[in-house]
Amino acid sequence: PSLQTISLGHTSLQRGRAPATAVYLAQLTNLCRLSLFANAIQEDAANTLCDELAHLTTLDSFTFSHNMATAEVGCRLPSFIQQNSAQLVHLQLSTCGLQEFMPYISDAIVDCIHLCVLDISGNGIFCTPADLLSVTACPVRLLGDVISCKLKQLRYLNVRHNVLRDMGIEILFQSIVGNILEAKAANNGADPHLCYGGLPVLLDDNYMTSSTSIMEVLAPVLQNVTQISGVMNHFSASFLLSVVQCLNAHSNHSVQGIAFSGLFAGEMGVHHNHGPVSQAFCHHIVYSQTNLRVLLLQYSGLRATELGVIADALKAPACKLQLLQELKRQGNSLGGPAVFNLAVALETHSHLKSLEMGETGAGNAGCTALLQLLPQIPTLCLLDIQQNQANIGTLHIGKILLQLSDNRINKLRIKVHNNLNLKHAMQRLHAAYSSVFAPPNHTTEQSFADTLMPCLLYTSPSPRDGLL
């Protein structure tokens with residue numbers, strides 16, 4: 001009865017299982033956090049589940065994620081949220097097909113005055129330009145009004161993977177920014193409710209274009225913004241340059257992470273005339289951003305010239321990115337010489353933890369230079385060099401790895417998938433070390449051989465998603 005947290009995922013809540021599960025949940029009178037994710041909730045079980053969940057009124061955190069919401073569940077979720085509204089702080093309703101029920105969800109959270117986290121990502125919430133101009137019929141405007149009027153403590157809003165477009169994003173973040181400014185004005189400039197490390201601006205995959213108005217909306221509270229993520233939109237290089245220029249104009253900002261992939265598409269076209277603008281962005285980002293820890297620009301159309309600007313700037317004494325921890329350039333056509341120059345430039349950046357340079361055309365020279373960063377940067381624990389057509393010898397890799405301690409090997413992950421003989425070289429390396437370093441007592445060399453194979457054949461996708 002004292003159990004406070006239940007996480008139920010990847011199950012099949014069919015007719016025979018749902019009643020027992022629901023009755024059990026209803027008996028947990030002290031339950032505070034309930035997570036239902038990736039469950040196959042069948043239509044005939046939905047009624048029973050909803051009936052029993054109606055007895056739960058003590059939740060402060062509710063997650064309903066990756067469950068395809070039937071009509072019954074979608075209609076009854078709002079009332080369930082409402083009955084827990086007095087103490088609800090965290091609400092995640094992601095990837096469960098709730099686009100038709102968003103007006104009812106908005107009505108339900110009106111009384112959730114303590115809500116700090118709201119995640120409605122991946123629901124296919126679709127807003128046409130005509131919808132956004134409508135004052136009454138637009139679900140985004142309804143939600144924005146609720147945030148402005150009632151959700152004064154909301155500091156985390158995840159609307160990724162919807163179709164909100166520029167205007168829809170602006171409406172929602174205008175509401176949050178207004179609340180932050182109101183709270184500061186009432187407390188002599190201090191925000192008493194700023195929690196979860198600040199305000200993340202998550203704009204991914206929302207059919208946004210080159211609008212700069214979102215930065216104008218955020219400008220008054222950039223000292224509260226921790227990250228800006230606009231992956232899989234249709235931004236141009238000039239838009240990203242305007243983002244950096246806006247950050248430069250507000251030197252007290254707290255943005256530590258920038259993520260934009262699929263960039264520069266609007267200016268590449270037939271003539272590929274985006275070069276000067278994107279080079280200017282690279283120059284600004286390296287020389288002016290002291291707070292930046294994470295910079296993700298995978299699949300962004302960057303070429304060797306832009307990478308050359310970054311590499312040259314990283315070597316300069318005036319470089320401001322000395323605390324960079326995560327750098328991702330995956331999926332850009334850079335070439336071996338450009339990757340080699342970047343690796344040389346990164347040798348002095350001792351805080352780097354993650355470097356992802358897969359699918360960059362690095363070749364042998366580029367991949368070798370990246371591998372040689374491992375002994376030079378003690379904090380580097382993730383190196384992605386997959387799909388670079390590298391054919392590096394076993395002996396060469398072995399010499400590099402022998403410079404690392406056992407503790408370092410245990411923490412290291414190297415992605416080597418689709419690199420001709422590189423993966424096989426890793427396997428031969430393990431076999432060689434196992435036969436050579438096999439003394440009767442357990443020495444350092446033996447433990448090195450034991451830990452080599454599981455740590456270096458890391459070829460599956462990274463489990464991490466997001467910036468921070």
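Computed from a predicted structure; not experimentally measured.
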Restricting to non-hydrogen atoms, name the atom on [X] and the atom on [Y] that form the minimum distance, rounded to 0.1 Å.
{"X": "K328", "Y": "L296", "answer": "CB-CD2, 3.5 Å"}
{"X": "L199", "Y": "I180", "answer": "CD2-CD1, 4.1 Å"}
{"X": "A183", "Y": "R155", "answer": "CB-NH2, 4.1 Å"}
{"X": "L31", "Y": "I6", "answer": "CD1-CG1, 3.7 Å"}
{"X": "A219", "Y": "C246", "answer": "CB-SG, 4.4 Å"}
{"X": "N206", "Y": "L164", "answer": "OD1-N, 3.1 Å"}

Measure the spacing between [atom1] of [X] and [atom2] of [Y] and express it to the nearest 0.5 Å.
{"X": "I258", "Y": "L247", "atom1": "CD1", "atom2": "CG", "result": "5.5 Å"}
{"X": "N332", "Y": "L307", "atom1": "CG", "atom2": "CG", "result": "8.5 Å"}
{"X": "L157", "Y": "I147", "atom1": "CG", "atom2": "CD1", "result": "5.0 Å"}
{"X": "N123", "Y": "R160", "atom1": "CG", "atom2": "CZ", "result": "14.5 Å"}
{"X": "E170", "Y": "L203", "atom1": "CD", "atom2": "CG", "result": "10.0 Å"}
{"X": "L202", "Y": "S229", "atom1": "CG", "atom2": "OG", "result": "6.0 Å"}

Pair N224-K184, side-chain contact (heavy atoms from CB on, under 4.5 Å): steps then yes or no: CA-CA 11 Å; N224 300 118; K184 286 185 174 183; 2.7 Å; yes

S2/N30 under side chain to side chain donor-acceptor pair (under 3.5 Å): CA gap, chis, key distance, verdict: CA-CA 6 Å; S2 61; N30 291 308; over 6 Å; no

Verdict with supporting geometry, L98 and I120, side-chain contact (heavy atoms from CB on, under 4.5 Å): CA-CA 9 Å; L98 289 175; I120 53 172; over 6 Å; no

Evaluation steps, side-chain contact (heavy atoms from CB on, under 4.5 Å), between N162 and F126: CA-CA 7 Å; N162 288 295; F126 186 86; over 6 Å; no

Side chains of [X] and [Y] in contact at under 4.5 Å (non-hydrogen atoms):
{"X": "L355", "Y": "L346", "result": "yes"}
{"X": "M357", "Y": "D384", "result": "no"}
{"X": "R413", "Y": "L382", "result": "yes"}
{"X": "Q99", "Y": "P139", "result": "no"}
{"X": "L374", "Y": "L371", "result": "yes"}
{"X": "D145", "Y": "L143", "result": "no"}
{"X": "L342", "Y": "L314", "result": "yes"}
{"X": "Q256", "Y": "Q325", "result": "no"}

Verdict with reasoning, R33 to S61, per side chain to side chain donor-acceptor pair (under 3.5 Å): CA-CA 5 Å; R33 292 167 291 275; S61 175; over 6 Å; no

More than 12 heavy atoms from other groups under 6.0 Å of CZ on F37: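 It does: F37 CZ has more than 12 such atoms within range.
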
Steps toward ring pair (Phe, Tyr, Trp, His ring centres under 6.0 Å) verdict (F62, F80): CA-CA 10 Å; F62 177 55; F80 176 69; 4.8 Å; yes

So, the side chain of [X] versus the backbone of [Y]: is there a donor-acceptor pair under 3.5 Å, distance only?
{"X": "S175", "Y": "I171", "answer": "yes"}
{"X": "N67", "Y": "A38", "answer": "yes"}
{"X": "T57", "Y": "Q83", "answer": "no"}
{"X": "N84", "Y": "L59", "answer": "yes"}

Test log, rule side-chain contact (heavy atoms from CB on, under 4.5 Å), inputs L383 and L373: CA-CA 9 Å; L383 177 62; L373 289 176; 5.8 Å; no

Worked check of side chain to side chain donor-acceptor pair (under 3.5 Å) between K150 and N179: CA-CA 10 Å; K150 299 293 183 179; N179 288 345; over 6 Å; no

R293: partners by salt bridge (Lys or Arg N to Asp or Glu O under 4.0 Å), with sequence neighbours left out: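 With neighbours one apart ignored, the set is empty.
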
Residues in side chain to side chain donor-acceptor pair (under 3.5 Å) contact with Q92, at least two apart in sequence or another chain: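 Partners of Q92 under the side chain to side chain donor-acceptor pair (under 3.5 Å) test: S94.
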
Quiz: residues 100-119 side-chain donor-acceptor pairs under 3.5 angstrom, not counting sequence neighbours:
residue, atom, partner, partner atom, Å
S106, OG, M102, O, 3.1
D119, OD1, S121, N, 2.9
D119, OD1, S121, OG, 2.7

